4 protein chains.
Amino acid sequence: MAKLQKSIDKRNALVKATIELVNNNGFHATPMSKIAKMAKVSPATIYLYFENKQDLVNQTYIDVKAEYTNYAFANYDESMSVEAGFEMIWKRIADFKLKECEHAMFLAQCDNTPMIDEESRQEGIKHLQPLLDLWERGKKEGIIKPMANYMLYAYSINPLSFLMMSEKRGVLKLDASQLEDAYQSAWSSIKMCK
Amino acid sequence: MAKLQKSIDKRNALVKATIELVNNNGFHATPMSKIAKMAKVSPATIYLYFENKQDLVNQTYIDVKAEYTNYAFANYDESMSVEAGFEMIWKRIADFKLKECEHAMFLAQCDNTPMIDEESRQEGIKHLQPLLDLWERGKKEGIIKPMANYMLYAYSINPLSFLMMSEKRGVLKLDASQLEDAYQSAWSSIKMCK
Amino acid sequence: MAKLQKSIDKRNALVKATIELVNNNGFHATPMSKIAKMAKVSPATIYLYFENKQDLVNQTYIDVKAEYTNYAFANYDESMSVEAGFEMIWKRIADFKLKECEHAMFLAQCDNTPMIDEESRQEGIKHLQPLLDLWERGKKEGIIKPMANYMLYAYSINPLSFLMMSEKRGVLKLDASQLEDAYQSAWSSIKMCK
Amino acid sequence: MAKLQKSIDKRNALVKATIELVNNNGFHATPMSKIAKMAKVSPATIYLYFENKQDLVNQTYIDVKAEYTNYAFANYDESMSVEAGFEMIWKRIADFKLKECEHAMFLAQCDNTPMIDEESRQEGIKHLQPLLDLWERGKKEGIIKPMANYMLYAYSINPLSFLMMSEKRGVLKLDASQLEDAYQSAWSSIKMCK
DNA sequence: CATGAATGAGTGTTCATTCAT
DNA sequence: GATGAATGAACACTCATTCAT
C-alpha cells in the first residue's frame, strides 16, 4: 500500500510537470528529460506510468478536463431551476478558469492544437454532459434559445477562456463587478427573449 | 528576369506550406524538411527567406493576421454608423473564419500556444485598431456597453473562433439562418440595453 | 557493475579517436560522427561525456598536455643539479615527442591554431612550471643565461617539435648520436658561456 | 589591360581575406561566403580565380611562402661570406616574422596542420634553397656544424616562429638587444666550435 | 567577367525511447 | 519498481559549389 501511494505521487508529479512545462514552452519545446527532471524521477521511470509521450499528454489532458468539469458541477444539482443551475455552473467555471489558470490554459492549448489524440478529446468532452442536459431542459421549458449546444457554448462559456487568457497576459483585470457583467452577457446571449 | 530577385512566389509557397503543415500536425511535428518539400524548394532555400524556424512561423503569423484584418475591414468606412459598421465588420470576420478556415485555424493555434514571439503577437494585434475605434465611438454615443474592449471582443467576436473550430470538426453545420442568429447574439451581447 | 557509472573507457576511446582523426584530417575534417564511429559509440553518447565538440577538443588537449608534462618530469627531482635536471627533462621530452609522436603532433596542431579555447591553453601551460622553476634556479646560480623563459624554451625545447615533425614526414631520421648532438645544441644555447 | 589589373586586385583581395580569416578563426571556421564578403565579391566569383576551397588555401600558402622567402633573401648575395650571409638572412627572417606577423602566423598554422596539400607544401619548401646552399658551403668551409639541414633549421630559424607566437600572444616583448641575444643563440647553435 | 539565388550533402546536436543493472 | 547510461533516428541549420542571367 505504501508503494502504491508512492506511485500515485510520482504519476501526479509527472502530470503536474507536464502541465507546467507545456504551458510555458509549448509541446514542441518540452522534452521528456525536462519533465523527468522537474518531477524528480529518471526519464525511464516515465515509461512505467505512461506508454509514451503522446500517452502522457493525452492522460494529462483527460485528468485536467475531469478536474475542470468536476469543479464546474460540484455544487450543481439537477433539481435546480434552469436559470439557477446555469448561474451556478457558469460561476464555478469562471472560478476555475481564473483560479486554476494554469490548468485552464493547458486545456486551451490542447483544444486548439493537434497535440491531443481525437479519442482523448472525445473522452474529455463526455464529462460536460450535465450542462448539455441542462440546456436541453431549458429549451423544452422555453427558457433557453433553441440553438445548437455548440452555439450556446460559444456565446456563454467560451468567452471565459478568452477573458482568462487576457488576464493572464496582463491586458485585462477582472474584478467582481466586471465578472457580474460578464455573467449577464452570457445569460442574455442564451436566454429566450421575452 | 524572373531569377534576378528572391522570388516572392517562393516565400509565399513557404508560408502556405507552413500553415498547412502546422495546422495538420502542430508546430512540434512540422520539420523544416517537410515544409521545404511541400513548397518544392531545398531546405537550404528556406534560410534565404527566413532567419530560422521561429522567424518563419512569426512571419507566417503576421502575414495571416494582416490578411485577416484586411479582409475584416475591406468594406468598412469610418463614416458608417456604429451599428452598421459593426455588422459589416462582424460579417466579414465570420466570412473569413468560415471560408478561409485554414488560416483562421492557424491563428487560433498561434494565439493559444507559446509558439509565437511576444513581439510578433503585438505586431499582429495592431491591425485590429479600427474595430477598437468603432467601439470607443459606440461607447461615446451610448450605443455600446461601457465595457473593456477585451470583454466586447470576448462576447462578440471570439465565439466565431469556437464556431469555426466546431464546424471544422464536423460537429456543427452553420447555415445562413444560424449565422444570422449568431450575429444577433453577438450584437445583443455588446449593444446598450434600452 | 561495469555499467553503473559512465565508463572511463568510453571517454578515453573518444579522446583517442579525436587525437587520431584530428591528426590525420585536421579539426575541420573531423566530424563527430566519425569520432563516434572510431570510438564505437553512438554520436549521442559523446554528449554524455562532453558538452560539445569544442569541449571535447579542449579536454583532449588538456589531457594530452598533462600526459606530456607528467612524462617530462617523471624522473625529475628538485634536488638535482641544474645541469643534470635539465638533461633529464630534455631527454624525457625528446623521448615523448619521438615515441608518442601522435600525441606530440596533436599538441603542435593545437598550439598553432585557434582551435583551442584560450582558457584551456592557459590550463595546459600551468603544468610546465617545474621547468621554469629549474631555469630560475639556474639563472640565480649563474649557470643559465639570464634570458626570458620563453626565449630559453624557444631555443632549447621547441626545436624538438620541428625535429619530430620532420621525422614524421620522413625527411629526417634521428639516431642516438644525432639526438646527442641535438641535446648539446640545446644545452649550449641556454647555458652561460664561460 | 585594365580588366586584367582589376582581376589581380580581386585575386589579391581573396588571398588577403583568406589569411585574415584563417588566422583569426581557423580553417574550420572560415566559410567561403565569409571570404567572399570580406573581399567584397560574390561567392561565385571565387571560383573564377580558384578551383575550390582547397586550391584557394594552397595558393594562398604558396603566395605567402614565396613572399617570406623573397623577403628573406632580398639583400642576400652568394658572394657574401657564410657568416655574413647567415646573419643577413636570419635578420631578414626575424624582421619578416615580427613585422609581417599575420603572414608568419598563417604559415605556422599551415605547417602544423593537414590543411595544405603535400604537393603545395613541397612547392613552398623549394624557395628556401639559397639558405640550404649557404649551409652546405659553410659545412665545406668548416664553419657550420656538419649536421642535417633540418637540424640546423630547427635550432637557428625555427625558434623565431615560437618567439613570434609568444609576442603575438603578449607574453613576451622583443626589443633590439633581446633580438641580438636571439641571433647569438642561433649562430652559436650551428657554428663550428673552435 | 560577375553575380545572387539555389541547392544537396552533410554538420553538430537533441530527443524519445530502451536496456542492463 | 526504479534508474542512469546508451542509442538510432531525426532535427535545425550550414556550407562548398553551381547555375541562370
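Worth saying up front: this structure is predicted, and the values here are computed from it rather than measured. In what follows, every heavy atom counts, from backbone to side chain, and hydrogens, waters and symmetry copies are set aside. All chains are named by letter (A, B, ...) in the order of the sequence lines, taking the proteins before the strands, and each is independently numbered beginning at 1.
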Engineer: Suppose we screen for side-chain hydrogen bond (donor to acceptor under 3.5 Å, both in side chains). Which residues come up paired with His103(D), at least two apart in sequence or across chains?
Structural biologist: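 Once residues adjacent in sequence are excluded, the partners of His103(D) under the side-chain hydrogen bond (donor to acceptor under 3.5 Å, both in side chains) criterion are Glu67(D).
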Engineer: Taking only side-chain nitrogens and oxygens of Lys34(A), does any of them come within less than 4.0 Å of OP1 or OP2 of dC15(E)?
Structural biologist: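 For Lys34(A), the contact criterion (side-chain N or O under 4.0 Å from OP1 or OP2 of dC15(E)) is not met.
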Engineer: Give, ordered by number, those residues of residues 19-28 of chain C having at least one heavy-atom distance below 4.0 Å to an atom of DNA chain E; if nothing qualifies, reply none.
Structural biologist: none
Engineer: Given side chains that start at C-beta, do those of Phe106(C) and Asp111(C) come closer than 4.5 Å, heavy atoms only?
Structural biologist: no
Engineer: Need to verify one output field. Residue with the more 5' nearest nucleotide on DNA chain F, Gln54(D) or Leu48(C)?
Structural biologist: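 The residue mapped nearer the 5' terminus is Leu48(C).
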Engineer: Please list all pairs passing the salt bridge (Lys or Arg N to Asp or Glu O under 4.0 Å) test where one or both residues lie in residues 53-64 of chain B, with sequence neighbours left out.
Structural biologist: Arg11(B)-Asp63(B)
Engineer: Could you tell me whether the side chain of Cys101(B) reaches within less than 4.5 Å of the side chain of Lys168(B), counting heavy atoms only?
Structural biologist: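 Yes - at least one pair of side-chain heavy atoms lies under 4.5 Å apart.
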Engineer: Over how many whole Å does the gap from Asp55(A) atom CG to dA16(E) atom C1' extend?
Structural biologist: 14 Å
Engineer: Is the closest side-chain heavy-atom distance between Met32(A) and Ile46(A) below 4.5 Å?
Structural biologist: yes
Engineer: With a 4.0 Å cut-off on N to O distance, would you call Lys40(D) and Asp9(D) a salt bridge?
Structural biologist: no
Engineer: How many Å lie between CE on Met115(D) and P on dA16(F), as a whole number?
Structural biologist: 13 Å
Engineer: Of the residues in residues 36-47 of chain B, which ones touch DNA chain E at a heavy-atom distance under 4.0 Å?
Structural biologist: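 Within this stretch, Val41(B), Ser42(B), Ala44(B), Thr45(B) sit under 4.0 Å of the strand.
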Engineer: Within a strict 4.5 Å, meaning less than it, do heavy atoms of the Thr30(D) and Val57(D) side chains meet?
Structural biologist: no
Engineer: When the axes are fitted on five pairs at both termini, how much does the helix from dA2(E)-dT21(F) to dT21(E)-dA2(F) curve, in 10° steps?
Structural biologist: 20°
Engineer: Using the salt bridge (charged side-chain N to carboxylate O under 4.0 Å, His left out) criterion, which residues pair with Lys37(D)? Sequence neighbours excluded.
Structural biologist: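 Result, salt bridge (charged side-chain N to carboxylate O under 4.0 Å, His left out) vs Lys37(D): none returned.
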Engineer: Taking only the side-chain heavy atoms of Met32(C) (C-beta and beyond), determine which of dA12(F), dT13(E), dA6(E) contains the nearest atom.
Structural biologist: dT13(E)
Engineer: Does the side chain of Ile62(A) reach to within under 4.5 Å of the side chain of Ile116(A), using non-hydrogen atoms?
Structural biologist: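 Not touching, per the 4.5 Å side-chain cut-off.
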Engineer: May I have the distance from Lys53(C) (atom NZ) to dT11(E) (atom C1'), rounded to whole angstrom?
Structural biologist: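 Taking NZ of Lys53(C) and C1' of dT11(E), I get 8 Å after rounding.
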